[in-house]
Each structure stands twice: as structure tokens, then as C-alpha cells.
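The sequence lines fix the lettering, A, B, ..., with proteins before strands; numbering per chain opens at 1.
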Amino acid sequence: MDYKFREIEKKWQKKWKDSKIYHVKNDSSKPKSYVLDMFPYPSGTGLHVGHPLGYIASDVYSRYKRLKGFNVLHPMGFDAFGLPAEQYAIETGQHPATTTDNNIETFKKQMDNIGFCFDWSREVRTSEPNYYHWTQWIFLKLFNSWYNRQEKQAQSIDTLVQLFEKEGNKNHECPGDEQHKFTSEQWKSLNEKTQQDILMNYRLAYSGVGEVNWCEALGTVLANDEVVNGVSERGGHPVIKKKLRQWYLRITEYADRLLEGLKSVDFSEAMKEMQSNWIGRSEGVDIKFNIKNHEENMVVYTTRPDTIFGVDFMVLAPEHELINQIKTKEEENKVDQYVAYARGRSERERIAEKKITGCFTGSYAINPLNGKEIPIWISEYVLSGYGTGAVMAVPCGDERDHRFAKHFNIPITNIIGSYYNGEEANPTKDATLQNSEFLNGIKMEDALPLISDKIEEKGLGQRKINFKMRDASFSRQRYWGEPFPIKWKNGNAYALDEKDLPLELPHVETYQPGPEGEGPLANISDWTSKNLETNTMPGYAGSSWYFLRYMDPHNNQEFASKEATEYWNQVDVYVGGTEHAVGHLLYSRLWTKVLFDLGYINFEEPFKKLINQGKITGDSRLVYRIHGTNKFVSKGLKNDYKTDPLHVNVNFVDGFELDTEAFKSWKPEFKDAEFILEDGKYICDSAIEKMSKSLYNTVNPDAVVEEYGADTFRMYEMFLGPIEQSKPWDTKGIEGVSRFLKKLWRLFYDREEWIVNNEKATEAELRILHKTIKKITEDSENFSFNTAVSQFMICVNELTSLKSHKKEILEPLIISLTPYAPHISEELWHLLGHEDSILNTDFPIYDEKYLKESTVTYPIAINGKTRLTLSFDAEADKETIKATVLDNEVVEKWIEGKNIRKFILVPGRMINVVV
RNA sequence: GCCCGGGUGGCGGAACUGGUAGACGCGCUAGACUCAAAAUCUAGUGGUAGCAAUACCGUGCGGGUUCGAUUCCCGCCCCGGGCACCA
């Protein structure tokens, strides 16, 4: 009987579904394991072979853990709110809910084809009211909380009000306005509106007017991580800075805890690095400089106070409020012009041009340590949002300061001697300071703490820790997102009552922006008459907590019961791409920490271990069209013509040879295409690129599954290479895995005959079996799925050549294969006479006694140097140990007392033996 | 520019804490079966020389440590990814 994978796979997929075998309960005597995939955004294009890589890996791991006796939670859902569905709606008028549902059906079908063990009864969709009910609920928790810096945790805003009534805010400075101080009496005398305004400056989710990343093309603001090089991550549209009232998450309050938490999780170094760079912690000093002939002073932030005697000028950000007060009459025009110029420049222009621009204010600051007068400049290279928006410039040590000084001919003081060559700045800490008064002769890294202490002692400033990370923008002027459960009254935002949740997204007639650039909700009079917030939440809202909802997805009373979250606890393994490093992963960590602080869950980090699967890249095919014609020239001859490369659908190419007829009928414009062939063939060029519809290099998993079967597809994706590495898809290579499964089948069936017998296994058979089980166990545990697949191949090859068809060997083998190729394993399991599913059995345990090497090698170092390696047959008796040596005399002498007669020279491991 | 990864056959990739480099698969070559093809099976497959046994060379390049280095150290080169005026 042949291996009829299509029949087998359909049959078992149906049986598994009907028997609800993947449904998992929230209680069990078994230990738990939570294995999670990053849920997808259901795009309209469906899955290509690159997408399931992570899902297959997590599926293999989940099944392995299940066989190992764990109660495994392995759910899937959809991140269903988002921009593309809405843009599609604007173009076609179709409601995003409809297109989203259709897309989800396609995704689920494609996933089911591959045989994943998701518990679909726990599916979540972020766009469903019974899901976003709790997104809104958590938002209200954020809104109604503040961060107590002394206790380093989020607390209810009520506790803050109590503190204000008791003592004002003297012990809890305002994160939104740090200068603002008031006493208990002052607080009590304030009216409702002012009190609310003050509280807003403390809330973890707050509304405020600020500079936002505005994307005109998308008609909305974007979070910092959604902007890449000054353009939108989605679509690459220009992004400008704009002042708007927005919602924000006060993630900056959690900066140090988010950084600290990285120590306790098992993420790759690269991932931790990306997150800590994004958080961008730096230690420095705020230093106060007086300004000549002015009352005001300016405060700069620096990480290098040791260079203070090298300060040659000061720079303010163009937005700095001091500018208007200190600009001199003579410079006023130039300053105003410059400020206007800087304001008019977009983020993108600043980044792209990197021009050196600036303007002198006419005023001078006084170096607090030596009284030197230092000119104060303005330049756009200083960012208003970081530190104090003002810097002390040390050209010999800082590249930007140096370029600026050279450009405007500002004299440079050298405080690092030969470390500075006059041509470029040197940010070293190794130099011995010069021209630095009492710091002269001290190495910079040693001077750092000295001068910091001095500055603090003299009251000139204080040590300060700064973070690059900004508060996260949390509102979008869009329709297809969660409505805010917020009502406006007299310019203050008030939370809706929890019992009025969910605040459902209303139907709209148009997806166009509101009258003043607000979201489409502003067009609905019913909505605006209730003074409801017209923005919606961003894409990352729903995905910041979905892993908690899977634990208890049908709960109508809470986001998840305490029992459920205590039982499932952290995600043990989270599988997904690196692209979410500073977005989703950071926000999820923040929400988890807040819910932990408020006592709703008992763990602080959502993901214990993170696996980043690599991308499967496409192997594109290109043809060359002779410029301005409809003639195509084969790769080898292209240099004879002026050509333009063109991506061609990989399905029209066999290896590198183009099927010219298929190509002609591909698009009308190619109907009359002509070809210049070499050796009668049209040879295409190739390129390894990202897999994408627009490059015509995608391979649909459905087609692969149809041709080779789901088990082959799964194993091949795992076999391709290490899970974390990017690798190109090569359809040809799948033959090897396909042959392996056919070979495995033939261990059970010889043509028509069932040939499994009950004979007792030989030593050799047991040896290969136990070696395989050991390797599969270790590799499955370590996510080394590619070498695990190799081991299966080795095992089946050996069993084939041993002509081994014994139940005693084959049964444990197919159990260990189950995570990788579940369908064929299940089929064979039943053919072996089992009633219950193979999924309910136990993973085999290997026996060490079959793992002893047949030859044991002992390298021997005599007098500290290796002279030989002894090797002997483990099964032979010790008397016959054999070896040959370089230095016969020494070794023979050593051997004498050991009862060893002969030896063979084999390089091996080293043990030290004193002779 | 800075910070992470990584460079191993024609290709994807193996190699435990330094110990027979190239497992496994693809591809390729030859053979068996077949009228033929497909499928399957067998053998071979890092390079050079040789009928052969074998010898020499080989893990990006140059040095070093070691009895022994793909693995450790120093200096370069190249590729992939991330960050990029963060003072």
C-alpha cells in the first residue's frame, strides 16, 4: 500500500477536530506549559511559505511538550484591527469587519491545512466587542492610575488624590510638569477643572497636546516605532511633526523597570540590545550655567562633565523657551529667521540632509567652574525633547560639536592633548586631561566621578539619569480601532462607567476624516452629541494583552479570572519575528507590569522565553527586457544590450529556464514578446530577496501541501536550517523529506503487505533507536529542529538497511516523530492496533545502556603533552585493549601496570594522566 | 559612524565544555531494474597528485596560544540585522 498522504491527512484533521482533542482545560494534575505564537494581522494576501515557519516550530514544541506530560496551552487568534482593512474600505466601500472576517477565514483554512494543534475554542479577535470590552477596561485602569516613584509601582489615582489632600505634591513631583508644586491647602482650594488638569499630568494613560508624528497620507498620527527614517513604516509616506491633542501612555515612568526586567527573561542578546537601545538609559549631570547680563540661567545635560573645561560654546534647541529672553537686539532678526526655518523643517529633512545650520544668540553663558564666557548658539542638531534641550559643546571630544565649531569658525580648546589631532573629535575617556585646571593630569574616566561630586557639592547641578524613550502616542484618527471609553466635559476627560463597557464601535457611512482632521467617528452626530472621544486606539492596543485573554477567553466578568492567570502564568515560549522588538513586545511588557502593580495578575514579565524565527526569503527570477522594446534576452547575452530587469513569476521558471509560452500568456503586454535564446533556452537571472507578492517570488503553502503533504511540508520547513536564521526557500530540496516519509512508510508496508512483526529487537536496532530518541529529546527541547529531522533520516536509513520491521522499534520511533509529522504518525499508530490517539501517549524515554559508544577513546597526556589516544571496544574485555603510539617506550611503560597489551592510535578527547 | 549576529564543499547546513571537519539533505556522476522514462535501489562525491594504497592542502585573510584550533586571543576584510544627530 502506498503512502496516501492526502487521504491520511484529511482523515486525521477531521477526526482531531471532531474529537476536540486540542481543547485544553484550565486545570490539570500535569505541569503547565504555555506556547504562544505572535498572532497575525489577517491581511488580504493570505499566507506564503515564509509565514508558517514560526507556527510550525511552536506546533512541534507544543506537541512535544504534550507528549512529555505537560498540559499545553497553544492558542491562536487575530490582530484584527488595523490600517490596511480601513484603507481597503476607503477604496472599495466594503466594511472592514467584512473584509477582516473573510481574510480570517482564509488564514484559518490555510493553517488547518498544515495540521496545527491550536485550541480554536480559545480563538480571540481583537475587533470583537467581547474582546475589546477588556482592552477598554485595561485602558481605564491605565487612565485611573499613576506611577508612585517612591514605591516604584502603579497605584490607583485615588491614592494620589488622598496624598494631595494630605500633603500636596511635595513628595511626588509631577511627571508631566516637574516644576509645578502645590500644598495641601492649595490643592483643596482648586476648582474641579484645575484639579483634573493636574491629575492628567500623573495618569498612566493621559491626554495632552504635543508634537506628534503626523502622516498626511494615512491621515493619522503614528507612534515613534511606527516611523522609520522619517517615513511611515506602513506605506513609506512622509511624516511631519504636528501639534495635536493626543492620548499617550506614560511608558517613560517604567523605563528603568523595563530595562531591569530584561535581566530576568530569556530573549536573544540582540533583542535585549534593541530594547535597551530604545529605552536609551544614560547617566549624566544637569549643570546650571549663568548667563551674562541676564537673570535667567540655562541648564544643560551632559554625560561628560569631565570635559567641562573644554566647553567652547553652548547650543539651545530651536524650540527652547530661553531664546526669546536672551537674544540680543543685534542678532534678533537672524535668530527669528533661524527659528522659523528650523520649525518649518520636517524630521525627514533634518535626517536626510544632515546640514550644519545654526545661529548665534548674541548672549554668553558663564562657565561655573572657571568663569569663562561662552557664546550661546541655536541649532537644530540639539533636540528639544531630550535632556534639557540645551547642551554644552566640547568640540575636541564630540563629533557634532566639532563639525559645528569648524563650520562657524569657533575656536577649539584642546583638553586631551595628542588624543586630538585637530581634524576630528575624539570621544575617548582614556586621555589625561589638560587645560582643565584642577583636573589636569587626571585620566578622564577617573575625573568623571570627581567633577560630578564637585558640581553637586557646590550646588551647580546634580546627577541625572535620562532616557531616550518617549511616552507612547496612543490615539489614531481612524475608524477601525477600539473606541476610547472616555467622555469629555468642560475640556476634561472622564472615564465611562465600567458597566457601560464595551463601548461599541458604531457603524459609519464614510471612512473619511472628521471636519477638523479627527477620526471618522467625528462625523457621527449621535457619537459627538454624547461628547465621546472621537479618536480610536492604535493597532498595538489589542495586542498588548491578548496572551492573557487566551487563558480565559469566554469570561464576561473579567479580562481573565485570577485562577486562570495564576494557573497559566507567564508564556513559557513566545515565537515571533524581531520586527516587534520595540513596539508590541515593549508595550506588552508595560501592560503586564501595570496589571501586576495593580494586583490583577501575579507575574511581571509576560514572556519567559522568546524565539525569533528567521525569515524565509524568496528565490526570485528575473528576465531582461531590451530597453524600449518587447524583446527579452537570455541572461548570458544581456551584456550585449541595454536592458531593464523585470521580476517574473517563479512558477513560470523551471530551475532557471523560462517557460516562454507561460510567460507570454501571463500579462497582455507580454503577448507578443520575443526572446533571444542561448542554446535554445531562455535562462533567467536570480536573486535572493524578501518573499513578497510584488516580486512574484511567493510560494503558497497550500500548493506545497497539495503536492507533498502537510507532514512533508512541516518537516521540510524545520529541516531548512536553524529556526532563528533567515534562509531561502528552495522547492527542490523538499524531495529529500518526501523520500524520507515514503521510506518510513515502507518500514511498515512492503508493496501491499503489512510487514511489521513482533520479533525481539537486536542490539544494533535498539542502539539506533535509543540514540535517536535521545537526540530528538534534546533537539526538541532546544529548538534544534533541523538536526532533529536529520536524525530521523539517519534512523530510518539504518533501519531500512537492517531490514528492521519490528514493532518494538517502530512504535517508539513514530511516537517521537509525532510532533514533526503528526498525520503519518497517527495513521501508523492506529495501523499498529491502537484505539486511542497517539497524541495521548507518552514520549519514549531512552535507555543509557544502549548509548555506549562501541569504541571508547581516551586521549592521554603524558607529562603534560599528548602522546597518544587509547581506543578500545566497549564490549570487548579490558584485557584486549589496543593502541599504537608515537613514543613507544613511555607509553609501554605506562601501559605495563595497567594490564593493557596492544593499542591503536586515534585522535580523541584529552584526559590528563600523571605517569 | 556605533552596537549585535555571521563567514565551513556546487547549494541549504552539521560538528558536545578545544579532540577523526563537512553529519543529514539537495545537486551531480556511475551502475542495477526497465523497450524507454518515472519511481526505487546500490556505489561515489572538499581540492590537488596517483591505477592504487596513500600524500599534501583545506572552515574569510594575517598573526598568536596549544601536543592539537571551525572552536580561544589580537589585528584586518566581507556579508546580514539593528540604531543613528539622544549631548
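Put simply, A:N612 has no side-chain N or O that comes within less than 4.0 Å of OP1 or OP2 on B:rG5. For B:rU40, one of the phosphate oxygens OP1 or OP2 lies less than 4.0 angstrom from a side-chain nitrogen or oxygen of A:R739. For B:rA14, the OP1/OP2 oxygens have a side-chain nitrogen or oxygen of A:N786 closer than 4.0 Å. Using a 4.0 Å cut-off, no side-chain N or O of A:T787 falls inside it from OP1 or OP2 of B:rC24. In this structure, A:Q791 does not reach the B:rC24 phosphate: none of its side-chain N or O atoms is under 4.0 Å from OP1 or OP2.
On the P atoms, B:rC2 is 44 Å away from B:rC56, given to the nearest whole Å. Comparing the C1' positions of B:rU66 and B:rC72 gives a spacing of 10 Å, expressed to the nearest Å. B:rA23 sits 14 Å from B:rG10 when the P atoms are compared, rounded to a whole Å. Between B:rG58 and B:rA69, the two P atoms lie 11 Å apart (nearest whole Å). Taking atom P on both B:rA30 and B:rA38, the two are 13 Å apart, rounded to the nearest angstrom. Taking atom C1' in both B:rG64 and B:rG18, one finds a spacing of 16 Å when rounded to whole Å. For the P atoms, the distance linking B:rA32 with B:rU48 amounts to 27 Å, nearest Å. Here, B:rG12 and B:rU20 have their P atoms 24 Å apart, quoted to the whole Å.
Using a 4.0 Å heavy-atom criterion, one finds that A:K775 contacts no nucleic acid atom at all. Residue contacts for A:D401: at a heavy-atom cut-off of 4.0 Å it reaches no nucleic acid atom on any strand shown. Residue contacts for A:R403: at a heavy-atom cut-off of 4.0 Å it reaches a base atom on one of the strands shown. Residue A:V382 is in base contact, counting any heavy-atom pair closer than 4.0 Å across all strands shown. As judged by a 4.0 angstrom heavy-atom cut-off over every strand, A:L383 is placed among the base-contacting residues. Counting non-hydrogen atoms under 4.0 angstrom, A:S282 reaches the backbone sugars and phosphates but no base.
The nearest heavy atom of RNA chain B to A:D730 and to A:S801 marks one nucleotide each, and the one closer to the 5' end goes with A:D730. When the nearest nucleotides of RNA chain B are assigned to A:T800 and A:Y381 by heavy-atom distance, the more 5′-ward of the two goes with A:T800.
Under the 90° criterion around 0 for the glycosidic angle, B:rG75 counts as anti.
Side-chain proximity of A:V391 to the nucleotides B:rG13, B:rA87, B:rG25 is greatest for B:rA87. Relative to the side chain of A:I794, the nucleotides B:rA87, B:rA14, B:rC24 differ in distance, and B:rC24 lies closest. Minimum atom distance to the side chain of A:Y386 is reached by B:rA87, of the listed B:rG12, B:rA14, B:rA87. In this structure, the nucleotide among B:rC41, B:rG82, B:rC4 sitting nearest to the side chain of A:A270 is B:rC4. With B:rC41, B:rC26, B:rA87 as the choices, the nucleotide that has an atom nearest any side-chain atom of A:K732 turns out to be B:rC26.
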- Message: Counting Watson-Crick and G-U wobble pairs with both distances under 3.5 Å, what is the dot-bracket string for RNA chain B, 5' to 3', using [ ] for crossing pairs and | for pairs to another strand?
- Response: (((((((..(((......[....)))((((((.......))))))((((....))))..(((((..]....))))))))))))....
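For A:F719 and B:rG12, the CZ to C1' distance is 8 Å, given to the nearest whole Å. We find that NE2 of A:H402 is positioned 16 Å from C1' of B:rA87, with the value rounded to whole Å. Per the geometry, NZ belonging to A:K803 stands 10 Å off C1' belonging to B:rC41, to the nearest Å. B:rG1 atom P lies 15 Å from atom CG of A:N426, rounded to whole Å. The separation between A:H320 atom NE2 and B:rA87 atom C1' is 13 Å, rounded to whole Å. B:rC16 atom P lies 12 Å from atom CD of A:E778, rounded to whole Å. Atoms CD1 (A:I279) and P (B:rG82) sit 19 Å apart, rounded to a whole Å. What separates CG of A:N277 from C1' of B:rG82 is a distance of 8 Å, to the nearest Å.
For A:Y846 and A:Y850, the gap between ring centers reaches or exceeds 6.0 Å. A:Y716 and A:F713 have their aromatic ring centers separated by at least 6.0 angstrom.
For the side chain to side chain contact (heavy atoms under 4.5 Å, CB included) criterion with A:M298, the lone passing option out of A:I287, A:I376, A:T388 is A:I376.
Here the side chain of A:D312 pairs a donor or acceptor atom with the backbone of A:T413 at under 3.5 angstrom.
Classified by interplanar angle (parallel below 30°, tilted 30° to 60°, perpendicular above 60°), the ring pair A:W745/A:Y749 is parallel.
Summarising the local packing, NZ of A:K429 is surrounded by 12 or fewer heavy atoms from other residues, nucleotides or ligands at distances under 6.0 Å. By the neighbour-count criterion of 12 heavy atoms within 6.0 Å, atom NZ of A:K272 is densely surrounded, having more than that number from other residues, nucleotides or ligands. Within 6.0 Å of the CD atom in A:E579, the count of heavy atoms belonging to other residues, nucleotides or ligands exceeds 12.
Counted by atom type alone, A:T712 and A:Y3 present zero donor-acceptor pairs between their side chains at under 3.5 Å.
Every side chain to side chain contact (heavy atoms under 4.5 Å, CB included) that A:Q725 has, sequence neighbours left out, goes to A:P722.
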